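Note sheet for the following structure.
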2 protein chains.
Amino acid sequence: MTLSEEDYVKVIYHLGKGDNATVSTNAVARQMQTKPSSVTDMVKKLSEKGVVNYRPYKGVSLTEYGKKVALSLVRKHRLWEVFLVDKLDFSWDEVHEVAEQLEHIKSEKLVDQLDKHLGYPTIDPHGDPIPSKNGEFKRAIKKTLNEVPVGTNGICVGVKDSSAPFLKFLDKNNIALGDTILVIDKEEFDGSLHIQIKGNDLHISDQIATNLYLKITE
Amino acid sequence: MTLSEEDYVKVIYHLGKGDNATVSTNAVARQMQTKPSSVTDMVKKLSEKGVVNYRPYKGVSLTEYGKKVALSLVRKHRLWEVFLVDKLDFSWDEVHEVAEQLEHIKSEKLVDQLDKHLGYPTIDPHGDPIPSKNGEFKRAIKKTLNEVPVGTNGICVGVKDSSAPFLKFLDKNNIALGDTILVIDKEEFDGSLHIQIKGNDLHISDQIATNLYLKITE
DNA sequence: ACAAATATTTAGATTTGTCTAAAATATAAT
DNA sequence: ATTATATTTTAGACAAATCTAAATATTTGT
Ligand SMILES: [Mn+2]
Ligand SMILES: [Mn+2]
Ligand SMILES: [Mn+2]
Ligand SMILES: [Mn+2]
């Protein structure tokens, strides 16, 4: 498979939300930053190769084989992201573009050894699960901090309130996107939370918890 | 620069033996595993872009800019080779193909951080020098073990005598290609050498030394 | 149900990198 | 100095991936 074919497969996978839904030509074009006519051409070729199911005017979905290809790419992408953050001190938001390139390197041994070198991680720096070699993985969901049960472990991936005061508060309390957060305890009385973040314990109000998104994998 | 253009530049660099000699169309074609007519096409394009000097029927050489491009590629290739051997437990002879792909990843930060992660290595697993960020590096030369002065440090890169008995001897004494060898002392009487290899001291005869190639950078 | 709007495909062109076969140039041999 | 051989370039073609413009199909609104 060429680099371009691989990127199409990945886009079709992500748009199909993992459950292999049929996706439209326009959706793929938007995501691939290309024209719908180019998508039609490529999708025909992928169909010839048995990677996708394609019905003109009706949309495209991955075959079983295509799904395997997609999961292998997602695995590689996320492993490289972990590498960049853990070993090369990249930050959370710098890794995607480079991983987008690295995911296309062809070498099974490289992936296996990288996985080992990283200590067999199960989630990437964005809190997304890393598929195993045979394509199994937990689904990730995004919830606000106040919605999850005590004991939940996740990665801070966004804010609902993006006002300056709130962001300032996060900064002052040393909470940043990409941080791992563990919910230690919840006060029933006011809904405030005891959490652990980057090794430090912290007590945050319900209002704060409501505005912080956590990505978790059950 | 595209992947293909970069590979041409690297081949022209290597065939020009670093000192930027003019190389022939046929030589490039042989190295690139392609046809001379394809080389002519590509070399014209690279000439347009100011990467090479090209005179029809006379050959091609790198411009100053082209040389910079080549050295950056060589740097990346060799850093990745070190990574594969030192961090991912690849062996000496498995790294080239993968590095051939990795060298094309575009990210300055990636290269800088990789360099740091590896501890700023100066030679690759084959004993070849790694150009610095601004393109400086020591030239590597290959000599038999008996030709180098006491105190020389190098990498075992080949054998002159490849007979079964000799290879068996190397195996028994735990000497393999890719090993770092340090010449500790030389006996004037019989030319035998005291060497250090993988932490172990070893005493080898002049006959052995004559048949082992060392790659060294002065 | 039918016109209007939207989505998708087709036709034809372009760029990149490659190829084969033929022509042109350079090198070697007599 | 001519001829023969080897090298290099040109001309024309092709596959991959893309584009624009036009044609076709589907969906939406009334
Ligand atoms: Mn990609
Ligand atoms: Mn990610
Ligand atoms: Mn390469
Ligand atoms: Mn090397």
Side-chain angles (χ1 to χ4, degrees), chain A residues 1-17 21-62 66 69-70 73 97 100-101 103-106, chain B residues 1-17 21-62 66 69-70 73 97 100-101 103-106:
Chain A
M1 300 252 297
T2 66
L3 187 149
S4 194
E5 287 174 339
E6 289 186 341
D7 278 339
Y8 272 96
V9 168
K10 240 184 42 170
V11 160
I12 293 165
Y13 172 80
H14 281 127
L15 289 174
K17 297 204 227 70
T22 292
V23 301
S24 77
T25 302
N26 263 4
V28 175
R30 203 170 323 134
Q31 205 67 23
M32 284 291 295
Q33 316 231 66
T34 186
K35 304 291 166 185
S37 55
S38 305
V39 174
T40 303
D41 286 346
M42 179 57 90
V43 146
K44 276 180 184 167
K45 191 170 45 150
L46 291 174
S47 178
E48 295 291 304
K49 292 195 178 188
V51 181
V52 302
N53 306 117
Y54 169 58
R55 289 181 48 222
Y57 294 101
K58 297 301 180 184
V60 65
S61 64
L62 295 177
V69 172
L73 284 165
E97 193 195 350
E100 201 57 48
Q101 299 176 58
E103 70 192 358
H104 302 287
I105 303 292
K106 265 114 192 139
Chain B
M1 298 252 297
T2 66
L3 187 149
S4 195
E5 287 174 340
E6 289 187 341
D7 278 340
Y8 273 96
V9 168
K10 241 186 39 173
V11 160
I12 293 165
Y13 172 80
H14 281 127
L15 289 174
K17 294 202 228 72
T22 292
V23 300
S24 77
T25 302
N26 263 5
V28 175
R30 203 169 325 137
Q31 204 68 23
M32 283 291 296
Q33 315 232 65
T34 184
K35 302 292 166 183
S37 56
S38 305
V39 175
T40 302
D41 287 345
M42 179 56 91
V43 146
K44 276 180 184 167
K45 190 170 45 148
L46 291 175
S47 179
E48 295 290 305
K49 292 195 178 189
V51 181
V52 302
N53 307 115
Y54 169 57
R55 290 182 47 222
Y57 293 103
K58 297 302 180 183
V60 65
S61 64
L62 296 176
V69 172
L73 285 164
E97 194 194 351
E100 200 57 48
Q101 299 177 60
E103 69 192 358
H104 302 288
I105 304 292
K106 264 116 191 134

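Just so you know, these numbers come straight off a predicted model, no measurement behind them. First the proteins, then the strands, lettered A, B, ... as listed; each starts at 1.
Atoms CD and NE2, from Gln31(A) and His14(A) in turn, are 9.0 Å apart once rounded to the nearest 0.5 Å. The CG atom of Leu46(A) sits 6.5 Å away from atom CE of Met1(A), with the distance rounded to the nearest 0.5 Å.
The shortest heavy-atom contact between Ala29(B) and Lys35(B) is CB-C, 3.9 Å. Here the closest non-hydrogen pair linking Val23(B) and Gly16(B) is CG1-N, 3.6 Å. Considering all non-hydrogen atoms of both residues, Asn26(B) and Pro36(B) come closest at OD1-CG, 3.2 Å.
Between Met32(A) and Asp7(A) the shortest side-chain heavy-atom distance falls below 4.5 Å. Between Tyr8(B) and Thr34(B) there is a side-chain heavy-atom pair separated by less than 4.5 Å.
Taking atom CD of Glu48(B) as the reference point, atom P of dT15(C) lies 14 Å away to the nearest angstrom. Here the P atom of nucleotide dT24(D) and the CZ atom of Arg55(A) are 21 Å apart, to the nearest Å. Atom pair Lys58(B):NZ and dT9(D):P shows a separation of 11 Å (rounding to whole Å applied). The distance from atom CG of Asp7(B) to atom P of dT18(C) is 9 Å, rounded to the nearest whole Å.
At dT6(C), none of the side-chain N or O atoms of Asn26(A) fall inside 4.0 Å of OP1 or OP2 (strictly under the cut-off). For Tyr8(A) and dT18(D), the shortest distance from a side-chain N or O to OP1 or OP2 is below 4.0 Å. An OP1 or OP2 oxygen of dT18(D) is reached within less than 4.0 angstrom by a side-chain nitrogen or oxygen of Ser4(A). Between Tyr57(A) and dT10(C), a side-chain N or O to OP1/OP2 separation shorter than 4.0 Å is absent.
Residue Tyr54(B) is the one, among Met42(A) and Tyr54(B), whose nearest nucleotide of DNA chain D lies closer to the 5' end (criterion: closest heavy atom).
Closest to the Lys44(A) side chain, of the nucleotides dT10(C), dT9(D), dT26(D), is dT10(C). The listed nucleotides are dC19(D), dC19(C), dT8(C); the one nearest the side chain of Asp41(A) is dC19(D).
Contacts between residues 27-39 of chain A and DNA chain D, defined by a heavy-atom separation below 4.0 Å, involve Thr34(A), Lys35(A), Ser37(A), Ser38(A), listed by number.
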